[in-house]
Amino acid sequence: MADRGCPLEAAPLPAEVLESLAELELELSEGDITQKGYEKKRAKLLARYIPLIQDVHTEAVQAALAKYKERKMPMPSKRRSALVHSSVETYTPPDTSSASEDEGSLRRPGRLTSTLLQSHSGIEPWLDRVIQGSSTSSSASSTSSHPGGRPAAAPSASTALAGLTAHAHIDPHSAPPDVTTGLVEHSHFERPQMASVRGVPRGHGRNMLETADGVPVNSRVSSKIQQLLNTLKRPKRPPLKEFFVDDFEELLEVQQPDPNQPKPEGEQMAVLKGEPLSVGTSGPPTLLAALQLWGTTQPKAPCLTALDTSGKAICTLTYGKLWSRSLKLAYTLLSKLTSKNEPLLNPGDRVALVFPNSDPVMFMVAFYGCLLAELVPVPIEVPLTRKDAGSQHVGFLLGSCGVTLALTTDACQKGLPKAPTGEVATFKGWPPLAWLVIDGKHLTKPPKDWYPLAQDTGSRTAYIEYKTSKDGSTVGVTVPHSSLLAQCQALTQVCGYTEAETLTNVLDFKRDAGLWHGVLTSVMNRMHVISIPYALMKVNPLSWIQKVCSYKARAALVKSRDMHWSLLAQRGQRDVCLSSLRMLIVADGANPWSISSCDAFLNVFQSRGLRPEVICPCASSPEALTVAIRRPPDLGGPPPRKAVLSMNGLSYGVIRVDTEEKLSVLTVQDVGQVMPGASVCVVKVDGVPYLCKTDEIGEICVSSVATGTAYYGLLGITKNVFETVPVTADGVPVSDRPFTRTGLLGFIGPENLVFVVGKLDGLTVVGARRHNADDIVATALAVEPMKFVYRGRIAVFSVTVLHDDRIVLVAEQRPDSSEEDSFQWMSRVLQAIDSIHQVGVYCLALVPANTLPKAPLGGIHISETKQRFLEGTLHPCNVLMCPHTCVTNLPKPRQKQPEVGPASMIVGNLVAGKRIAQASGRELAHLEDSDQARKFLFLADVLQWRAHTTPDHPLFLLLNAKGTVTSTATCIQLHKRAERVAAALMEKGRLDAGDHVALVYPPGVDLIAAFYGCLYCGCVPVTVRPPHPQNLGTTLPTVKMIVEVSKSACVLSTQAITRLLKSKEAAAAVDVRTWPTILDTDDIPKKKVASIFRPPSPDVLAYLDFSVSTTGILAGVKMSHAATSALCRSIKLQCELYPSRQIAICLDPYCGLGFALWCLCSVYSGHQSVLVPPLELESNVSLWLSAVSQYKARVTFCSYSVMEMCTKGLGAQTGALRMKGVNLSCVRTCMVVAEERPRISLTQSFSKLFKDLGLPARAVSTTFGCRVNVAICLQGTTGPDPTTVYVDMRALRHDRVRLVERGSPHSLPLMESGKILPGVKVIIAHTETKGPLGDSHLGEIWVSSPHNATGYYTVYGEEALHADHFSARLSFGDTQTIWARTGYLGFLRRTELTDASGERHDALYVVGSLDETLELRGMRYHPIDIETSVIRAHRSIAECAVFTWTNLLVVVVELDGLEQDALDLVALVTNVVLEEHYLVVGVVVIVDPGVIPINSRGEKQRMHLRDGFLADQLDPIYVAYNM
């Protein structure tokens, strides 16, 4: 950094401050003050003296953020209880720190300084400088990068995050931005656009800003959604020319290369050769020869000093000890371990070495002991728990290496998790291992003349080093003896190691540079290694510097984070001298932040004797071992270089030295020259390994005798990595020797210096550009790291969603950060990354401190974090998703074509040979009906006739929860009760014929008697569900509304309900003074009616049927006497109902087919109905099925909610029911009464579950009815079984029906909704042109039948709007027939089956309600399809509902789990909807179970839910607004 112009000198502290510090130290050491208090006071003392220095990267990030000051983003809302996160321990600073050895995020110094830094704001900028320590520098505003101030036709992501600007013009007439299409034209300035209402449902004119139920839209939620819309101006969309086809016409856009992107222009590079490897003649010929030589000639020479956590030397291993102990171990391994008198181990067997980082001495003995015994050591980390992150993968490695024995120390073995037997527990995925403790007392001394015959030359494997790859799998790199020797000789040569030199090693001695320098090369040269354990570094980050000082070490081996930590801790240390160092090897010199650590370290310690040329960054990889290392000038190294590269160029793999764009740069330092005896080249990352051009980034490859040779046991990928043959542009191999790929990305700079810009493992390819995870971490850390991110712990990885990589950033937040802080930090990070890297972050998640999975040395275990993210077990406490800006490859929105006219449609279908979609049930005229009842047009007449001819024939049995009959009605009883009601109505109610009467009864015989009582006196009955006594507030207003809308002159009810309607509680919910006359029918006198009313014509109104549709509209339909008896007749014929039959009904009797079956059909057909009120199932789930079995019902009806209760509640009880004698083999048909698409999964699981009780496999079917006709389809007892077809879900979105095979991608199973009833004709019509459609089209189902309702009955005078619902005519073809429009989309298919008349059977498939469909991106979506995908996304999603609001898709999920897990669902829901439906979710709302309203038929009330959400009434656990 010195050359950037602001050297950082340690400010000399005044004497009084030094005295105060010394006093503080004393107080702390004597225990007079707590650690926290000490840190607080110390911070206060030092605050004024810490120099304030910004590095380029921080400046860049701050500059980038300054542009965004004005932006407003909607903050997620969270329920208070969900803020309280897991237990207390997450708040105690942990023992481990940030990123791991291999994932290099930054480490914070241990407890000593952390609070000092956090608690004082004055330190921040300097800290930023050091902490994020990176010089990836950031990008200027997107406007400056496009000079010439273009109009905002393609606003960049900076505007994509835009909110309202201060001087925005509000234009009340602009349409809402359709954030789902990407087709909004932009004027020259961005206008904030007003929210509007979703397409108003049919027949609902409303004023502009109210929702369907008139909820005003100024609630908190809608203002947030407005904010969200303002941020979603337009994602950056690169120019697109071409598509790849996803096996149908849904075309996902392929990113086209940007024509202006930088391209490499240099010459083709030449292979770079290192100096020859001079094999010294004086030194020992092999490593084991060296060990024997030094062990016997210099036994007292120190080899290794181990330190404890206080920094004291606990043990110094001499060369004599190392030799004798290794021999002892080799002898024990070879001759003492036997099983059945066979030696347990043979030469070449693999042995696991399990040693903690604090015990280098035992590790070294074990390693050399194995080499002497010709065994292959496999060093691994100590498994701490049975479920360590990645432990399974390590087990796989051990298993594939055939490891059966693990060596460890006594202390380590005692600390391992134990099984109940006292043995070491078997870890998940590990092979069975024998554990051998190698402390001295467990080994046997070899006889005097014993000497191992170890051969340590040639290509036999010397050891296996583990490596964790990007996906988390662990592989073993085999290093042969020849490579081991060559590596030691090459390192000796480049580092100029000499005998008896001292080296301090801070790295992990089990692998990588720590092993190569500190365990192998050091023995080759009889050096003395001071090994500094990780635990000591955490307590005292300066320990390595102090050891260099006290041992006068000539070389030190560190990582940039160790320099970093010592920087933060070096204040007040004046007696440190680093002049003895001739090499300070920085093992991760290839990291993007190593340069700033090196610069800052030099600045501070130059005054303490550190010479600039001493710092030697190096680059290494597990496969190629050391790749390059910088040498001091006295060893012939050229002067160090820096490259300031354009971040934009890098993302295209091109080197551009950046000049003007100061903000968007990455500064890298060289990692020196190629190793002796090696050849290096740079090849293209993907495809054929062509040599790169000189200004192109590629993967560095090495050919040398000193590299690894294979991944153990994995031949395929070994060939790819270890036997690459780089070729020139003409395809000529550059060498006859194979090269090894290093996994490092870089280029060869001037003077043949190697530069590394990143790792292949951290590479994310978004669109056509490549981004390095480390660079993104560095940018995120530059956004106020100390204030917010806990110990700098950030993980960045990519997940594949919709065929492209998406960047996910996960950070641990400090325990004390508030919601506001975290949201602000998140939005700033998004802006910084967008500005500097020009890439969107798909998901940003914050987790509580200390909860990310840890790698062995305390870093973040990236692949495990990614795994948890994808499985939904990360448990974040804050999430921000930005799919709108990132996902730019969605299919183009469908352009609505000018409609083809209905005539052309028919001609087109004829030409294509397609049938016009129409079908009908059996003809009524052909069905001779011998029953007398056919002569009666009025149900009242039928009842009188039955009372006269079969007075004692039972019609109704009502069961209670215990299964006992509570009331019955024979023909005569029902007739007499009806007469009493009629008399009461005429006398007490003084009603005239034609008056409307509301019947407010619980399900039962009273309701039926009251209904016929009304018919007897000519009144028009309206059945109303009674209010729920525990929930008057929401249920009573509906009752009041129906009574008012139906203009009822009188209310009939029971005594209990009458009291309830007039109670104090009721008065709180409605105005009880405005009820019409209320008559209680419990004790009316026995009176006969003088004469029973007979309607003048069959077209007179018989009853009104009121119901709330799923879209939340209250609609009453008028049923004439003719329609009523026609309905009963159709059902009778379809189900073969006769007086001798019994049917069981478990439905609500208030509307639709449920009402008809409960009140009308028995009287018409004379069969006996067993009535089971669905409410009773809440206290006895098996009631309905037991009744079916007991009464041997052939036909039974239920609702989906009843079926679901049985499936969930009786799942485990089928055995018990069988014991009780429940037998369902009597059932011919069990029909689910519904007004929706059949729920196949529910009916199938019901059938499977109760097959054990004898339920025939084909018995379960569904019915279909709607407001205009309550029974269109009904399976009945004859006719073919219901069929199931599989259709392509993507074709359905375009209103086309394309049949596919079961199990094919995007297939959707649809079940026929039962058989079309006799006398019913159905046709499929185009929703807009009203022309008839062919078989292969989805259209609106139109129905013509004698039992159609005659019209809506509403008071709002909206009949005109609905007239065409009941009297529609086709615009072409048969224009005479009058049809009723059902409002449901469906299609017809001619099946291979034949019906009773021998005709081919036509099946009707209902797809969904037209009012509920979502129009998004020009396509038609059915909510249930999206909901099904969402429910599959995570096991704790209990239920889901979706709706749209101002073109945003809102997904509401019910969480069946802990509130802490709520946020896991946000990303999973967004992913699954993108993947399966190509839609971006705008808002994810997570609520408690039971919040999604469901009507009595078990259908979701999505519009009620929407109104509740907008009026802020859901009390959600979390609301995430996806950016």
Side-chain angles (χ1 to χ4, degrees), residues 919 921-922 1127 1130-1137 1141 1143-1147 1152-1154 1156-1157 1161 1184-1185 1188 1193-1204 1206-1207 1224-1251 1253-1266 1269-1286 1308-1318 1320 1322 1341 1343 1382 1384 1386-1389 1391-1396 1401-1408 1424 1497-1499:
R922 293 176 289 168
L1127 170 67
S1130 275
I1131 293 173
K1132 174 191 168 179
L1133 293 167
Q1134 192 83 328
C1135 298
E1136 299 177 332
L1137 300 173
R1141 286 276 155 85
I1143 73 169
I1145 301 172
C1146 188
L1147 289 169
L1153 187 53
L1157 290 164
C1161 292
W1184 167 52
L1185 294 178
V1188 169
R1194 280 182 46 152
V1195 177
T1196 179
F1197 293 88
C1198 69
S1199 64
Y1200 279 125
S1201 27
V1202 166
M1203 192 167 264
E1204 197 160 18
C1206 292
T1207 315
L1224 301 179
S1225 53
C1226 55
V1227 177
R1228 275 287 294 283
T1229 176
C1230 162
M1231 287 170 270
V1232 189
V1233 173
E1235 297 187 9
E1236 58 176 308
R1237 176 197 302 180
R1239 301 188 198 174
I1240 295 197
S1241 55
L1242 179 57
T1243 53
Q1244 283 176 346
S1245 47
F1246 180 81
S1247 300
K1248 272 194 203 123
L1249 189 59
F1250 295 108
K1251 193 172 70 184
L1253 297 181
L1255 180 70
R1258 300 198 289 262
V1260 180
S1261 64
T1262 65
T1263 70
F1264 173 62
C1266 59
N1269 184 325
V1270 297
I1272 298 169
C1273 300
L1274 201 76
Q1275 182 59 33
T1277 45
T1278 58
D1281 292 320
T1283 53
T1284 298
V1285 293
Y1286 291 84
L1308 172 72
L1310 291 174
M1311 184 163 88
E1312 173 188 358
S1313 293
K1315 300 290 160 286
I1316 298 172
L1317 280 167
V1320 175
V1322 167
I1341 301 168
V1343 60
T1382 61
Y1384 281 82
F1387 61 93
L1388 284 163
R1389 275 278 149 185
T1391 63
E1392 297 304 314
L1393 307 167
T1394 50
D1395 53 27
H1401 164 66
D1402 290 315
L1404 173 66
Y1405 298 92
V1406 178
V1407 177
I1424 184 72
R1497 293 186 296 275
E1499 297 160 344

Quick one: does any side-chain atom of [X] pair with a main-chain N or O of [Y] as donor and acceptor, under 3.5 Å?
X	Y	result
R1141	E1136	yes
E1312	T1283	yes
Q1134	L1274	yes
T1196	A1144	yes
S1130	P1318	yes
Q1275	M1231	no
T1391	H1401	yes

Handout entry: side-chain contact (heavy atoms from CB on, under 4.5 Å) between T1382 and V1406, worked out
Key = CA-CA 11 Å; T1382 61; V1406 178; over 6 Å; no

In Å, rounded to the nearest 0.5 Å, how long is the span from [atom1] of [X] to [atom2] of [Y]?
X	Y	atom1	atom2	answer
L1249	Q1244	CG	CD	13.0 Å
C1206	W1184	SG	CH2	5.5 Å
T1262	L1242	OG1	CG	11.0 Å
I1143	L1137	CD1	CG	5.5 Å
I1316	R922	CD1	CZ	12.0 Å
R1389	L1404	CZ	CG	12.5 Å

Less than 4.5 Å apart, side chain to side chain, heavy atoms only: is that true for [X] and [Y]?
X	Y	value
R1239	M1203	no
F1246	V1232	no
F1197	C1135	yes

Determine the minimum heavy-atom distance between [X] and [Y], stating which atoms define it.
X	Y	value
V1270	G1152	CG1-CA, 3.6 Å
I1131	C1161	CD1-SG, 3.9 Å
R1237	Y1200	O-OH, 4.1 Å
L1255	A1259	CD1-CB, 4.3 Å
S1199	L1147	N-CD2, 3.6 Å
A1257	S1247	O-OG, 4.2 Å

Problem - Qualifying residue for side-chain contact (heavy atoms from CB on, under 4.5 Å) with I1272, from V1322, L1153, T1263 - result: V1322

Exercise for the section: Please state whether the rings of F1264 and Y1384 are parallel, tilted or perpendicular, taking 30° and 60° as the class boundaries. Expected result: perpendicular

